[in-house]
Amino acid sequence: MLTVTVVIGLAAGTIALAFAALRTRWIIKQPVANERLSEIGGYVQSGAMTFMNREYRALFPIVLVVAGYLFVGHDGFLRYQAFAFLAGAAASAAAGYFGMRVATSSNSRTTEAALSGMDRALRVAFSGGAVMGMAVVGLVLVGMSVTLALTARTVGASESAMVNYVLPILSGFSLGASSVALFARVGGGIFTKAADVGADLVGKVEAGIPEDDPRNPATIADNVGDNVGDVAGMGADLFESFVGSLIGSMILAFALPVSLEVRFRLMAFPIIISAVGVLASIVGVFLVRTGGKRGPQGALNFGTFGAAVIAAVGIVPPLIALFANADLPTGMTPLRIYFTVIIGLVTGIGIGFLTEYFTGTGKKPVKQIVQSSLTGPATTIITGLGVGMLSAVFPILLIAGAISISYALAGLYGVAIAAVGMLITLGVQLAVDAYGPIADNAGGLAVMSDYPSDVRTITDELDAVGNTTAAVGKGFAIGSAALTAIILLSSFRASAGVESIDLTDTPVLVGLLMGAVIPYLFSSLAMSAIGTAAFEMIEEVRRQFSEKPGILTGNDIPDYDRCVAISTQSALAQMMLPGLIAIITPVAVGFLGGVDMLIGLLIGVTVSGVVLAIMMSNAGGAWDNAKKMIESGEAGGRGSDAHKAAVVGDTVGDPFKDTAGPALNILIKLMSVVALVIAPALRVIGG
């Protein structure tokens, strides 16, 4: 069964990577005839790739130190965990790198394609996102399958070998992916928001020039930031969610009281249904077409829902083949396992709908913020915070319901499979999310390259839809993070040999309180970092306007490179402390406070982090779309007092939704993965 699992995982991963390569080839063949467009698009791509290269160089020493610790801190076969860690880090970095390169090649081609109409532009932008989505899925499946095969071949595939060596070594792969993801998300978020805040406050509010105006020195850095923050950052986020859900479900499968053969089948199931999800996602990509009454949003929804339906049907044959005659644990049946997958799918879609309601243009919560902007920035901020706080209630209820029902159907294994089910069509889901910043860049490039108004109309519509898909993607990422963190926590408990936990014990309560406050400390550091970086950016834009007055009249060329350099330096310098807190805290609490305190810590950070992440992401998305509604003519339109108030609200919301909020997803998962990696050592100490 293990061989079959590895072969299926490798085959599915290879198909995903091959599809990503074919989409890349098609995108590169799309023409860019306008020299000005090609030049500006080149600036954006160069800036993005420079940041990625410098970020990875900065992370390289940290990765080596952690790998060295894993190698020296273990003995025997567990030392292979260090190599699995390196493989996970390399796979996550590769997914971000290639996805970023294609995304920054797609933006100018989307602008050019808009000359041929909406459908052509949508296909190019969405294809760029599909490369990111399929690259993530492919590298996860190939990386995990190769690691699993090599480890099992080295240490064996007996029950003791799987429990004591193979699965703990696989957790090293997850740690590598999570570590790179956190720094990518925080670093990218600081970069993009420093540029965005500088461009908005000085360019739009002080100088009164439009967004994406080429006279704004920070505009190229702003476009670069959209990619490093939302394409690479979100890709890394969901990469490690996918890895964590797969490894967590595999560990829980081996904790069940069944025969070794059935355990292998239960372990194989998440890999096999993920392979089905790859094929469903590919079909979903081809379903994204406009035409008739179907606009861009309808086309994207049709592809996403179509892939979900295909996956729901496609997992039935492997489910029957694996479990029809298997002696499953008491109360667990093939039908119950199937329903846990469906629960995950439905929960992901439900969170998407809720996020769209609270952040979508024209929806009641966003209209309330638009109305409050008429009375100034203070009421704009107050209303937006209220919307964000309220928006956290319903996704939490949905997640809680999914956990409860999945547990009732198939125990903790059912919760794990629900988490995998939520991510089963990740290829197309991430494509929809990554489409957003590509469409946003395409609109900016159209403005900077002075394209005709009909092109800008198309890119503006694509951008408006992309703003919603980005918000929905963040909501989906938070939901998947919650389920993944819970199964990683359960896997840690099983690996550490803990039968039960009394929440009234003092060490557990201390851990809970510490865990509950960490998301606030983490968010504070991220927000402060953005404030520091934004101050430098604002001063630089003001300096250029002051020293070169010809910039605003079009007679001087802004120094774009200087703004890109400021964002890069600030992001790299200030991403380290938040990231190190996430890695060091579980180790310190585990070895100094014990397993009980560590479990309390993980529970506290998960509960607090998920709620705070939803609030911040949705408040930021709502402020952003309120500003866009005003810019489209509501409440006095551009340049009005309401518009200035909305810009302030959006400036506060941007770090919420693009840095601190999304980074919390990775924080809670990374801390659970770190705990999982050190579980064997804690078990020895506790025993």
Side-chain angles (χ1 to χ4, degrees), residues 1-13 77 80-81 84 88 140-174 242-277 315 318-329 332-334 336-338 340-341 344 406 409-421 423-424 483-484 487-488 490-495 673 676 679:
M1 193 70 237
L2 184 61
T3 302
V4 173
T5 304
V6 168
V7 169
I8 291 175
L10 275 174
F77 289 127
Y80 287 103
Q81 196 175 68
V140 167
L141 292 175
V142 169
M144 281 192 59
S145 298
V146 170
T147 304
L148 178 61
L150 292 177
T151 306
R153 183 172 181 178
T154 302
V155 306
S158 64
E159 180 177 356
S160 62
M162 292 296 296
V163 172
N164 295 322
Y165 298 113
V166 176
L167 295 176
I169 288 171
L170 267 182
S171 67
F173 186 91
S174 182
F242 196 22
V243 171
S245 65
L246 290 174
I247 291 176
S249 59
M250 293 163 79
I251 291 173
L252 291 176
F254 264 82
L256 292 171
V258 290
S259 67
L260 183 61
E261 172 61 25
V262 175
R263 289 185 188 182
F264 271 115
R265 293 188 181 195
L266 290 167
M267 186 189 79
F269 184 61
I271 297 289
I272 292 173
I273 63 173
S274 297
V276 173
I315 65 173
L319 179 76
I320 295 172
L322 283 171
F323 302 127
N325 300 313
D327 188 13
L328 294 169
M332 189 183 295
T333 65
R336 284 175 169 241
I337 294 174
Y338 176 78
T340 62
V341 180
S406 299
L409 289 171
L412 287 173
Y413 181 76
V415 178
I417 295 302
V420 177
L423 296 166
I424 190 174
L483 288 180
T484 301
I487 64 170
L488 287 171
S490 302
S491 301
F492 164 71
R493 197 189 74 176
S495 298
V673 171
L676 187 58

>> How about CZ on Phe269, more than 12 heavy atoms from neighbouring residues, nucleotides or ligands closer than 6.0 Å, or not?
In response: yes

field: Heavy-atom check, side chain of Leu10 versus side chain of Leu141, under 4.5 Å
entry: no

Worksheet entry | Close side-chain approach of Ile247 to Leu167, heavy-atom, < 4.5 Å | no

Apply side-chain contact (heavy atoms from CB on, under 4.5 Å) to residues Val415 and Leu252 and explain how you reach the verdict.
CA-CA 10 Å; Val415 178; Leu252 291 176; over 6 Å; no

- Query: Looking only at atom types and distance, does a side-chain atom of Ser245 sit under 3.5 Å from a main-chain N or O of Phe242, one as donor and one as acceptor?
  - Reply: yes

Margin query: Run the side-chain contact (heavy atoms from CB on, under 4.5 Å) test on Phe264 and Leu2 for me, step by step, so that the C-alpha distance in whole Å, both residues' side-chain angles and the decisive distance to 0.1 Å come before the verdict.
Written below: CA-CA 7 Å; Phe264 271 115; Leu2 184 61; 4.1 Å; yes

Heavy atoms of Ile271 and Gly9 approach each other most closely as CG2-CA, 3.9 Å

* Asked: Between Ser171 (side chain) and Pro168 (backbone), is there a donor-acceptor pair under 3.5 Å?
  -> yes

Residues Phe77 and Ile169: closest non-hydrogen pair is O-CD1, 3.4 Å

Q) So do Ser259 and Asp327 actually touch side chain to side chain, heavy atoms under 4.5 Å? A) no

d(Leu170 CG, Ile251 CD1) to nearest 0.5 Å is 8.0 Å

So CD of Gln81 and OG1 of Thr151: to nearest 0.5 Å the spacing works out to 10.0 Å

Quiz item: Quick check: does any side chain N or O of Ser491 sit under 3.5 Å from a backbone N or O of Gly248, one acting as donor and the other as acceptor?
Solution: yes

* Would you say Leu488 and Val673 make side-chain contact, with heavy atoms under 4.5 Å? -> yes

Taking side chain as C-beta onward, heavy atoms only, is Leu266 less than 4.5 Å from Phe323? yes

*Test Leu319 against Val341 for side-chain contact (heavy atoms from CB on, under 4.5 Å), laying out the working first.*
CA-CA 11 Å; Leu319 179 76; Val341 180; over 6 Å; no

Nearest heavy-atom approach of Ser490 to Leu412 is OG-CD2, 3.6 Å

- Item | Chi angles and distances behind the side-chain contact (heavy atoms from CB on, under 4.5 Å) call for Leu328, Val262 | CA-CA 7 Å; Leu328 294 169; Val262 175; 4.1 Å; yes

Smallest heavy-atom separation, Pro318 atom then Ile272 atom, equals CB-CG2, 3.6 Å

Do Ile315 and Ile424 come close enough that some side-chain heavy atom pair is under 4.5 Å?
yes

Between Ile337 and Ile417, the two heavy atoms sitting closest are O-CG2, 4.3 Å

CD1 (Ile8) and OG (Ser145) are apart, to the nearest 0.5 Å, by 9.5 Å

Taking the side chain as C-beta and beyond, is there a heavy-atom pair between Met162 and Val166 under 4.5 Å? yes

Determine whether a donor-acceptor pair (N or O, by modelled atom type, separation under 3.5 Å) exists between the side chain of Arg336 and the backbone of Ala410. no

Residues Arg263 and Ala253: closest non-hydrogen pair is CG-O, 3.7 Å

